Amino acid sequence: MADIRSLPGFREFYPEDRAIQNHLFTVWRQACRRYGFREWESPVLEPLELFTEKSGEEIVKQLFNFEDKGGRQVSLRPEMTPSLARMVGARANGMPKPIRWFSIGENFRYEKPQKGRLRSFYQLNADLLGEASATADAELIALCADCLLGFGLTQKDFSIRISDRQLWFKFLESEKVPAEKITGVLGVVDKLERSSPGDLLEAMKAVLAGTECDPAKLLASVKAFAAIRSLNELEVIAQKDAAMAARLVEWKQLLDSIKALGFSECVSIDLTIVRGLAYYTGFVFEAFEVGAEARALAGGGRYDTLVKKLGGPDLPAAGFGMGDVTVRDLLESKNLLPKYSDGPNFYVMILGDDARHVALEDIAALRRAGFRVEYNLRDGKFPKLIQSAETIGAQYALVYGGEEVAKGITKVRSLTDRTEATIPRTDIIPALRAVLEEGMRAILP
RNA sequence: GUGGUUGUAGCUCAGUUGGUUAGAGCACCGGUUUGUGGUACCGGGGGUCGGGGGUUCAAGUCCCCUCAAUCACCCCA
């Protein structure tokens, strides 16, 4: 039994892990609801073509795909977006816009597992479709921030860096980079922080081969552009280029909205963020942990052409994803995970089998009333039972011994402050409800 | 996919230059004679030392392969 282990890159969730998982999902779900997003879900297993058709064959290497018993080529979903596009596409005509949708689901990719990078992971996805203006991007960035703030994280713990692929396009066009080479150059930009100057120059040379651009010169101006951290600096550069100046109007709208929503402190301009994915078409952003680890917590952006490419309607769209693994790691290191307590409200101590029948009747009534109740299945002695109540994390112990049953009462004992009081069994449900709400003082003499 | 490190009970680890039935602490279960708990004492279950092969009279200890975890690179929907 023990030699059949779980598959590499898959996690088992013991109750304490699952409790943490639920906490993450709850915070995310609450934040999304406050923004008017509605939850959706799609099949975990999809036809392989859904992911290969529009995304390129290279992706197949990382797909968790196989042939099912009916000879169909299928794949576990590596992301939600293709399914989202299909579902929205099927009903888009009749749906009120904008569409605010979120999902929390398990995704899969067949890769060599590493820390923070597994074959199965859960991800929050929030998407806003049908609105092309920057107000939608601002809404998503605000939601992204709230999904982190909801855990008790502060502006000091993370930062959402905002960038803009469209601005990059206009900038590179003004630098005379041929249109078909721009994506390649952005690939170099993506590595700006991680690679050595020599490697960057080599990469730039490779991208610009066959063009008239000077790799070294372009690399220098790209670096300078990527170093911009404020709207003012951008405006200075944009004065020379009408297309860029026009784009800055969008930037102002974005930053204004974010400011009015109260999230200025959470965001910063950082043009080194371009996101690896080629499908992003406008603003892009990534949330990072502030500090040495600098874990990436979330990422997203605008993808106005993707839904149509995936076979859906021509809908502007933007969205972001947030994974459970890094967020959990971060909360753990910041000590922000709530202490695990899944114990029952009441542990009923049945002393002697004579009391059992009466106790079970009350237990059933308490459970019908909505309380979480456990009790000893086997007869046990007092010290043992109260120890059990303590061990499983019960809030209160209820004593059902021969004495109590004879008198028609039960003894309530707080496991935390060790006070106790008796209540009549006829009054048990309202009395215990009061105890849970106000503590022992509700029944103490 | 490439390279490095690690792998002994649920957890944290000991296991001497290879040598008798593999240990400790914590946790778990039971008990310390009859209804008041985080302490103490006693007892118990649980490991084919990640798996396989090899060297040897003898391997947890040496060699090879493999699996897994982890780190770096690659990649990242």
Side-chain angles (χ1 to χ4, degrees), chain A residues 1-12 14-16 46 50-52 54-56 58-64 75-85 105 107-119 121 123 125 127 187 190-191 194-196 199 203 274-280 284 286 296 298-301 303 306 309-310 319-323 325-326 347 349-352 354-355 376 378-394 396-406 410-422:
Chain A
M1 183 175 115
D3 50 335
I4 301 179
R5 285 179 288 193
S6 66
L7 260 36
F10 285 80
R11 290 170 290 172
E12 294 178 310
Y14 285 84
E16 56 271 32
E46 293 274 19
L50 180 66
F51 305 115
T52 55
K54 311 288 179 184
S55 312
E58 304 159 30
I59 288 177
V60 178
K61 275 189 296 185
Q62 298 187 334
L63 285 176
F64 212 114
S75 176
L76 291 165
R77 63 184 181 206
E79 59 169 332
M80 304 296 288
T81 310
S83 308
L84 171 74
N107 295 48
F108 308 85
R109 61 186 166 206
Y110 199 88
E111 279 193 313
K112 187 174 176 180
Q114 283 180 45
K115 187 168 190 184
R117 186 131 189 225
L118 305 169
R119 286 183 176 177
F121 57 96
Q123 202 171 64
N125 275 80
D127 294 275
D190 191 36
K191 294 183 170 61
R194 302 192 295 270
S195 301
S196 69
D199 289 346
V274 293
R275 309 276 300 158
L277 268 33
Y279 64 64
Y280 285 110
V284 289
E286 290 186 7
Y303 51 93
L306 184 66
K309 271 190 202 156
L310 290 174
F320 72 88
M322 184 177 290
V325 182
T326 49
Y347 186 91
M349 299 165 54
I350 304 174
L351 297 161
D354 294 342
N376 53 309
R378 264 192 334 208
D379 195 29
K381 291 169 189 156
F382 201 99
K384 221 44 172 186
L385 295 183
I386 202 152
Q387 184 58 58
S388 293
E390 163 86 28
T391 304
I392 64 169
Y396 299 94
L398 305 181
V399 183
Y400 278 76
E403 206 179 305
E404 288 81 3
V405 170
T410 184
K411 199 180 279 177
V412 183
R413 183 177 174 87
S414 163
L415 272 301
T416 50
D417 64 19
R418 304 191 176 194
T419 55
E420 51 179 41
T422 58

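In what follows, chains carry the letters A, B, and so on, assigned in the order in which the sequence lines appear, proteins first and then strands, with residues in each chain numbered from 1. Atoms considered below: every heavy atom in the structure, side chains included; atoms not considered: hydrogens, waters and symmetry mates. Remember, predicted model here, so these are calculated numbers, not experimental data.
Atom C1' of A27(B) sits at a distance of 15 Å from the matching atom of C13(B), rounded to the whole Å. C41(B) and C65(B) have their P atoms separated by 49 Å, given to the nearest Å. The separation of C63(B) from A72(B), taken at their C1' atoms, amounts to 28 Å, rounded to a whole angstrom. A distance of about 10 Å separates the C1' atoms of G15(B) and C49(B), rounded to the whole Å. Going from the P atom of G3(B) to that of G19(B) covers 34 Å, rounded to whole Å. Taking atom C1' in both U21(B) and U17(B), one finds a spacing of 24 Å when rounded to whole Å. Taking the P atoms as reference points, A59(B) lies 13 Å from G18(B), given to the whole Å. Between the C1' atoms of G52(B) and G46(B), the separation comes to 25 Å (whole Å).
Across every non-hydrogen atom of Pro82(A) and Phe51(A), the tightest pair is CG-CD2, 3.9 Å. Heavy atoms only, all atoms of each residue included: Ala397(A) and Leu415(A) are closest at N-CD2, 3.1 Å. Heavy-atom minimum distance, Asp379(A) versus Ile350(A): OD1-O, 3.5 Å.
Put simply, OH on Tyr347(A) is 17 Å from P on U36(B), counting in whole angstrom units. In this structure, Leu385(A) atom CG and C29(B) atom P are separated by 13 Å, rounded to whole Å. Between Lys411(A) atom NZ and U36(B) atom C1' the separation is 8 Å, expressed in whole Å. Between Asp190(A) atom CG and C74(B) atom P there is a gap of 11 Å when expressed in whole angstrom units. With rounding to whole Å, Gln387(A) atom CD is found 11 Å from A27(B) atom P. Taking atom NZ of residue Lys115(A) and atom C1' of nucleotide C75(B), one finds them 20 Å apart after rounding to whole Å. Atom CD in Glu111(A) sits about 16 Å away from atom C1' in A72(B), given to the nearest Å. When rounded to the nearest whole Å, the span between CD of Glu12(A) and P of C11(B) equals 12 Å.
Across all strands shown, Arg77(A) has no heavy atoms under 4.0 Å from either base or sugar-phosphate atoms. Leu415(A) comes within 4.0 angstrom of a nucleotide base, judged by non-hydrogen atoms across all strands. Among the protein residues, Gly402(A) comes within range of the nucleic acid bases, having at least one heavy atom under 4.0 Å from a base atom. Within 4.0 Å (heavy atoms only), Gly9(A) reaches sugar-phosphate atoms of the nucleic acid but no base atom. Residue contacts for Gln123(A): at a heavy-atom cut-off of 4.0 Å it reaches no nucleic acid atom on any strand shown. Residue-level contact check: Ser6(A) touches neither bases nor backbone, having no heavy atom under 4.0 Å from any strand.
Among the nucleotides G30(B), G35(B), C75(B), the one closest to the side chain of Lys191(A) is C75(B). Which of U36(B), C76(B), U70(B) sits closest to the side chain of Ile386(A) comes down to U36(B). For Gln114(A), taking side-chain heavy atoms from C-beta onward, the closest of the listed nucleotides G35(B), C75(B), A72(B) is A72(B). Across U36(B), G30(B), G38(B), the shortest atom-to-atom separation from the side chain of Arg378(A) is found for G30(B). Proximity note for Thr391(A) (side chain, C-beta onward) versus A68(B), C28(B), C75(B): the nearest is C28(B). When the nucleotides C74(B), G35(B), G31(B) are ranked by their closest atom to the side chain of Lys384(A), G31(B) comes out on top. In the set G35(B), C75(B), G38(B), the nucleotide with an atom closest to the side chain of Arg418(A) is G38(B).
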Kindly determine whether Tyr400(A) and Asp354(A) satisfy side-chain hydrogen bond (donor to acceptor under 3.5 Å, both in side chains), including the steps that lead there.
CA-CA 10 Å; Tyr400(A) 278 76; Asp354(A) 294 342; over 6 Å; no
Take Arg117(A) and Glu111(A) through the salt bridge (charged side-chain N to carboxylate O under 4.0 Å, His left out) test and state the conclusion after the steps.
CA-CA 9 Å; Arg117(A) 186 131 189 225; Glu111(A) 279 193 313; 2.9 Å; yes
side-chain hydrogen bond (donor to acceptor under 3.5 Å, both in side chains) for Ser414(A) and Glu420(A)? Distances and angles first, verdict last.
CA-CA 6 Å; Ser414(A) 163; Glu420(A) 51 179 41; over 6 Å; no
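Within a 6.0 Å radius of OH in Tyr110(A), other residues, nucleotides and ligands contribute 12 heavy atoms or fewer.
Both Thr416(A) and Lys112(A) lie near RNA chain B, and the one whose nearest nucleotide falls closer to the 5' end is Lys112(A). Nearer the 5' end of RNA chain B, as judged by each residue's closest nucleotide, is the contact made by Arg413(A), out of Arg413(A) and Leu118(A).
Looking at Lys381(A), its side chain has no donor and acceptor atom pair within 3.5 Å of the base of U36(B). With hydrogens and angles ignored, a donor-acceptor pair under 3.5 angstrom links the side chain of Glu404(A) to the base of G35(B). Side-chain to base pairing of Arg117(A) with C76(B): one donor and one acceptor N or O lie within less than 3.5 Å of each other.
RNA chain B forms stems at B:1-7 with B:67-73, B:10-13 with B:23-26, B:28-32 with B:40-44, B:50-54 with B:62-66, each a run of 3 or more consecutive Watson-Crick or G-U wobble pairs whose two key distances fall under 3.5 Å.
Of the inter-residue distances, the one linking Arg77(A) atom CZ with Arg109(A) atom CZ reads 14.0 Å to the nearest 0.5 angstrom. Atom-to-atom distance recorded for Met80(A):CE and Asn125(A):CG is 6.0 Å, nearest 0.5 angstrom.
With Phe121(A) as the aromatic partner, Arg11(A) does not meet the cation-pi criteria of under 6.0 angstrom to the ring centre and within 45 degrees of the ring axis.
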